[in-house]
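Presented below is the structure to which this report refers.
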Amino acid sequence: MIDDRGPVVHQALLIHRLVELRRGNGLTQEKVARALEWSHAKLMRYEGGTQVLPKADLDALLDLYGVLGSGRGRRLQEIGRKARDKPWWYPHRHALSVEERYYVGLEMGAARIRQCAPALVPGLLRTRDYAHALCSMVDPDGEVGRLVEVLMGRQGVMLTRSPVPEQVYVLDEAVLRRVVGGREKPGVMVRQLHHLVERSASVQLRIIPEEAGLHFGTLGGFTLFDFDDGLPLVLHTEHRGRVVASKKEEDVRAYAEAFDRLVEEHALDARRSLALIEHHARRLQSRGGVSSDADGEEAGTHANGGEAPVDGADEQRTPWRPLPRGTGPPLS
């Protein structure tokens, strides 16, 4: 069955099936390349997923493997056509690195998403204002608008997929305390916390409280993508806003086991996690006198008419500077 999982996952599925066919025919990459008068490097690029298969080359492989014209061959041709489609984010491709495009493509086609977020709200759960504040740290005069639109597009795609993938998020309590938007716009964070409460009705949200101390997620955020049709699980880790993919069985297994331990041994259950999110929303809203309305108006003031302090923000603030190019914001 061909579905709406997007070109990246259809490409991975096509490669998976073609490698199965090659091995089932007792052929090595060298023998296939020789038979088709290709270079070995060309076939390696195809099977490595770094180059999309044109129709003519796909048909040549299917013919060699003895399935061209069969029902199985036609199904693979349809998968190949889906793999050659332009993704929804194609108009914004220049705002994303190669690694980020791959991440978004996997996300689009995953059957299950498990994510550990120790520092920031996960991308698929961010409000537009929260996302804009993060993107503005990186390139205040450049691709902020495009990056935010890509994020909103990712969320829209996820909500319209059928079936919607299972999503499990583990957040450190520090994520709830960090006032993205700062003293100037504390309402950004209040609305984000309320949004998390709303989203908890359709995704699994678990919070690791501060008193849990150090845990595996403290070392850095990561995402695990599970797929149907026998495709291997993919791990994405992040460092300074860069995402790195891995399919190595030992890495994937270690992180999958660590995620399970975070849920079972460190995180609060769903009910207490939701209560903690609501607590921080009330705390921030009452401390700053902040409106949670979508119009973004901030109401907090000191008795002397100044702005209300938020979470101990210093009076003497370090001048803000944009981050160097390529250091973020975290895509996931």
Side-chain angles (χ1 to χ4, degrees), residues 1-13 82-115 117 120-136 138-139 142-169 171 175 180-181 188-205 221 223-228 234 236 238 241 243 277 292-296 328-332:
M1 177 182 176
I2 302 299
D3 51 37
D4 59 355
R5 289 180 290 178
V8 171
V9 171
H10 280 108
Q11 167 78 349
L13 181 58
K82 289 283 188 178
R84 293 190 295 273
D85 283 347
K86 294 288 191 296
W88 66 266
W89 44 260
Y90 187 77
H92 305 294
R93 64 194 182 280
H94 298 304
L96 300 171
S97 68
V98 173
E99 294 80 10
E100 288 170 337
R101 294 175 206 167
Y102 185 57
Y103 182 98
V104 173
L106 292 179
E107 177 184 81
M108 181 178 177
R112 185 186 186 202
I113 300 171
R114 291 174 286 172
Q115 185 173 341
L120 296 166
V121 171
L124 291 177
L125 303 181
R126 290 172 191 162
T127 63
R128 180 180 290 272
D129 286 347
Y130 188 102
H132 193 278
L134 289 181
C135 294
S136 297
V138 184
D139 191 10
E143 300 283 1
V144 172
R146 281 180 180 267
L147 290 170
V148 173
E149 288 310 311
V150 168
L151 177 63
M152 295 297 108
R154 287 167 57 197
Q155 295 181 6
V157 166
M158 196 60 58
L159 291 173
T160 57
R161 276 190 58 195
S162 180
V164 176
E166 178 187 0
Q167 299 168 64
V168 186
Y169 299 97
L171 281 62
V175 175
V180 171
V188 170
M189 194 63 202
V190 173
R191 290 187 291 276
Q192 176 63 73
L193 293 172
H194 284 300
H195 184 65
L196 288 178
V197 172
E198 294 170 4
R199 294 290 284 120
S200 68
S202 55
V203 303
Q204 296 182 50
L205 264 177
T223 306
L224 293 157
F225 293 115
D226 294 87
F227 303 92
D228 294 327
V234 179
H236 271 265
E238 61 181 55
V243 288
I277 297 171
S292 61
D293 296 336
D295 60 11
L331 181 76
S332 57

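Here the structure is a predicted model, which means the values were calculated and not measured.
Of the possible donor and acceptor atoms, none in the side chain of Arg112 sits under 3.5 Å from a partner among the backbone N and O of Val168. Tyr169 contributes no side-chain N or O that, together with a main-chain N or O of Val203, makes up a donor-acceptor pair within less than 3.5 Å. Judged purely by atom type and a 3.5 angstrom limit, Arg161 uses its side chain to pair as donor or acceptor with the backbone of Ala110. At distances below 3.5 Å, at least one donor-acceptor pair connects side-chain atoms of Arg101 with backbone N or O atoms of Arg93. The main-chain N or O of Arg84 is never found under 3.5 Å from a side-chain atom of Gln11 such that the two would form a donor-acceptor pair. Side-chain N or O atoms of Arg126 include one that pairs as donor or acceptor with a backbone N or O of Val121 at under 3.5 Å. Between the side chain of Gln167 and the backbone N or O of Leu205 there is no donor-acceptor pair closer than 3.5 Å.
Met189 and Val175 make their closest contact through CE-O, 3.3 Å (heavy atoms, listed as atom of the first residue, atom of the second, distance). Of all heavy-atom pairs spanning Leu125 and His195, the tightest one is O-CD2, 3.0 Å. Shown here for Gly181 and Val188, the closest heavy-atom pair between the two residues is CA-CB, 4.4 Å. Minimum interatomic distance between Val148 and Cys135 (heavy atoms only, all atoms of both residues): CG2-SG, 4.1 Å. Shown here for Ala95 and Leu147, the closest heavy-atom pair between the two residues is O-CD2, 3.4 Å. The two residues Asp129 and Arg191 have their closest heavy-atom pair at OD2-NH2, 3.4 Å.
A distance of 5.0 Å separates CD in Gln192 from CG in Leu196, rounded to the nearest 0.5 Å. Taken from OG1 in Thr127 to CZ in Arg199, the straight-line distance is 12.0 Å, to the nearest 0.5 Å. Rounded to the nearest 0.5 angstrom, Gln204 CD and Gln115 CD are separated by 13.5 Å.
For the pair Asp226 and Glu166, the minimum side-chain heavy-atom distance is 4.5 Å or more. Side-chain contact check for Glu100 versus Val150: every heavy-atom pair is 4.5 Å or farther apart. Looking only at side-chain heavy atoms (C-beta outward), Arg5 and Leu13 come within less than 4.5 Å of each other. Leu151 places none of its side-chain heavy atoms less than 4.5 Å from the side chain of Tyr130.
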Output, in order, the C-alpha distance, side-chain angles, deciding distance and verdict of side chain to side chain contact (heavy atoms under 4.5 Å, CB included) for Arg146 and His94. CA-CA 9 Å; Arg146 281 180 180 267; His94 298 304; 5.7 Å; no
Evaluation steps, side chain to side chain contact (heavy atoms under 4.5 Å, CB included), between Leu124 and Arg154: CA-CA 7 Å; Leu124 291 177; Arg154 287 167 57 197; 4.0 Å; yes
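In this view, Glu149 and Arg128 satisfy the side chain to side chain donor-acceptor pair (under 3.5 Å) rule, not counting sequence neighbours. For Phe225, the ring-ring contact (aromatic ring centres under 6.0 Å, His included) partners at least two apart in sequence or on another chain are Tyr103, His236.
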